[in-house]
Amino acid sequence: LLPILWDLPTQTVYSPATGKALEKLLEIFERTFEVQLEPLSAGTIAERMLTGRRRDYEDLRPTRFVKGPDGDNQHPEYPWIAKGPQPKDFLGNEFLLWLWHEADRNNGGIKTEAGEVDIFCDRSLELDCAYGQSGRDSLRGTGPAQMPEARDGLRSGKVPRRAGLTLHAHKRQFEFTFAAEAFSFGTTKLPPVEDADTARTLFEERVALLRDLCQGVDGMFEAFLKVRAGAGWENQVSAIRKWIQQPMKGVAAVA
C-alpha cells in the first residue's frame, strides 16, 4: 500500500514511491483514471516554470564554478545526470549551491514572490564531484555547511546533491532532507498541528502544511530560475566563485 496525495489545483501527485513501486503506481494510475503521470525532477520542474521561455530553457548548460581538473575551459560533466533520463537535472545541484551561497550571505534569508523565507542546512550534507574525479563526501552533524570540509569539497569541484534543510515559511518551521536532482523530500518533519479536535481536521491541516512546504521550496526555485535564465547569472557566478575560495567564517586562512 502506498499513500498518495492528489493535489488537483496544481495537477500534482505526491507519493513516497520510488523504483519498481513508482513504475507500478504510474501504470495503475493511468489505467484507473486515464491520466498519464510524468515523474518530476529538477529539469522537468524548471521546464514547467520557464513556460514561454523555451529557448532560454534549452540554452541552459552546466556552470563552471571552479577550475576543472583539465583547466579553466573544462565544464562540469555531472556523470550522474549523464546516466539519467533528464539532461537538465543539474539545475537541482546548482539550485542547492545557490541556496547555500544566498543563505550564507543573507543569514538564511531568500526572497521569493510570496515573501522572504529562511533556509538553513542542518544535520547532513552530501557532495559529489561534478567532474567525476574526486569522489563523494558525506558530512553529518550540526551545521555541516559551515564545516571546513564542505568548502574544501566545493573547491575540488564537488557540488551538493543532498542536504538536510530547515525551512521557515508562513511562520512555521519545516525540517526535511532534499535530494537536488530528483527534487524530492525525505524524512520530512511538519510543524505540530494545534487545536485539531478530530482526526479529519488533523489530516486536513497536515495536508495544508505539506502544500505550504512545497510552495516554499517552489518559490525559492522560481527565484533561482529567474536569476539562472537571466542576464545577471554571470555576475552571480562570479560572486559564488569568490565565495567558494574564501575561508570559512571563524576559520583562519593558512599561508
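Heavy-atom basis, side chains included; hydrogens, waters and symmetry copies ignored.
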>> If you compare all heavy atoms of Trp80 against all heavy atoms of Cys129, which two are closest, and at what distance to 0.1 Å?
In response: CZ3-O, 3.2 Å
> Got Leu60 and Leu50 here, is their nearest side-chain heavy-atom distance under 4.5 Å?
Replying inline: yes
> If we only count heavy atoms from C-beta on, is the Leu213 to Leu209 side-chain gap below 4.5 Å?
Replying inline: no
> Checking ring-ring contact (aromatic ring centres under 6.0 Å, His included) for the pair Phe183/Phe178: CA distance, chi angles, key distance, verdict?
Replying inline: CA-CA 7 Å; Phe183 219 85; Phe178 180 71; 5.0 Å; yes
> With sequence neighbours left out, which residue pairs that include part of residues 226-237 fulfil the side chain to side chain donor-acceptor pair (under 3.5 Å) condition?
Replying inline: Thr63-Arg228, Thr63-Trp233, Glu94-Arg228, Trp98-Gln236, Glu102-Gln236
>> Take a 6.0 Å sphere around CZ of Arg64 and say whether it holds more than 12 heavy atoms from other residues, nucleotides or ligands.
In response: yes
> Do Arg140 and Glu126 sit within salt-bridge range, that is, some charged N less than 4.0 Å from a carboxylate O?
Replying inline: yes
> Above 12 or not: heavy atoms from other molecules or residues under 6.0 Å from CG of Asp59?
Replying inline: yes
>> Just verifying a value: how many Å separate Asn106 CG and His101 NE2, rounded to the nearest 0.5 Å?
In response: 8.5 Å
> Of the non-hydrogen atoms in Asp122 and Thr142, which two are nearest, and what is the gap between them?
Replying inline: OD1-CA, 3.8 Å
> Is Asp212 paired with Arg172 through a side-chain N to carboxylate O contact shorter than 4.0 Å?
Replying inline: no
> Quick one: are Glu205 and Glu194 in side-chain contact, heavy atoms under 4.5 Å?
Replying inline: no
> To the nearest 0.5 Å, what is the distance between CZ (Phe29) and CG (Leu37)?
Replying inline: 5.0 Å
> What class does the angle between the rings of Phe221 and Phe224 fall in, given that below 30° is parallel, 30 to 60° is tilted and above 60° is perpendicular?
Replying inline: parallel
>> Between Asp104 and Trp243, is there a side-chain donor-acceptor contact under 3.5 Å, judged purely by atom types and distance?
In response: yes
> Under 3.5 Å, side chain of Arg61 to main-chain N/O of Glu58, donor-acceptor pair present?
Replying inline: yes
>> Using modelled atom types and a 3.5 Å cut-off, is there a donor and acceptor pairing between side-chain atoms of Arg161 and backbone atoms of Asn93?
In response: no
>> When you compare the side chain of Arg162 with that of Thr177, does any pair of heavy atoms fall below 4.5 Å?
In response: yes
> Just wondering, do Pro76 and Val159 contact through their side chains at under 4.5 Å, heavy atoms?
Replying inline: no
>> Per the ring pair (Phe, Tyr, Trp, His ring centres under 6.0 Å) rule, what does the pair list look like for residues 45-64, sequence neighbours excluded?
In response: none
> Is the CG atom of Asp195 crowded by more than 12 outside heavy atoms at less than 6.0 Å?
Replying inline: no
> Minimum heavy-atom separation for Leu2 to Ala17, with atom names?
Replying inline: CD1-CB, 3.7 Å
>> Quick one: does any side-chain atom of Asp72 pair with a main-chain N or O of Lys67 as donor and acceptor, under 3.5 Å?
In response: no
> Are any non-hydrogen side-chain atoms of Leu139 and Glu149 less than 4.5 angstrom apart?
Replying inline: yes
> Taking the side chain as C-beta and beyond, is there a heavy-atom pair between Leu165 and Cys121 under 4.5 Å?
Replying inline: yes
> Any idea which heavy atoms bring Ser156 and Ser134 closest together, and the distance?
Replying inline: O-OG, 3.6 Å
>> For Phe176, run the side chain to side chain contact (heavy atoms under 4.5 Å, CB included) check against Thr166, Leu167, Thr187, Leu190 and tell me which one passes.
In response: Leu167
> If we ignore angles and hydrogens, is there a donor and acceptor under 3.5 Å between the side chains of Glu175 and Gln173?
Replying inline: yes
> How are the rings of Phe90 and Tyr78 set to each other: parallel, tilted or perpendicular (split at 30° and 60°)?
Replying inline: tilted
> Are the side chain of Ser124 and the backbone N or O of Gly164 linked by a donor-acceptor pair below 3.5 Å?
Replying inline: yes
> Should Thr44 and Pro39 count as side-chain neighbours, where that means a heavy-atom distance under 4.5 Å?
Replying inline: no
> Minimum heavy-atom separation for Gly135 to Asp128, with atom names?
Replying inline: O-OD1, 3.3 Å
>> Using modelled atom types and a 3.5 Å cut-off, is there a donor and acceptor pairing between side-chain atoms of Thr12 and backbone atoms of Thr10?
In response: yes
>> Testing the basics here: between Val66 and Leu154, what is the closest heavy-atom pair and its distance to 0.1 Å?
In response: CG1-O, 3.4 Å
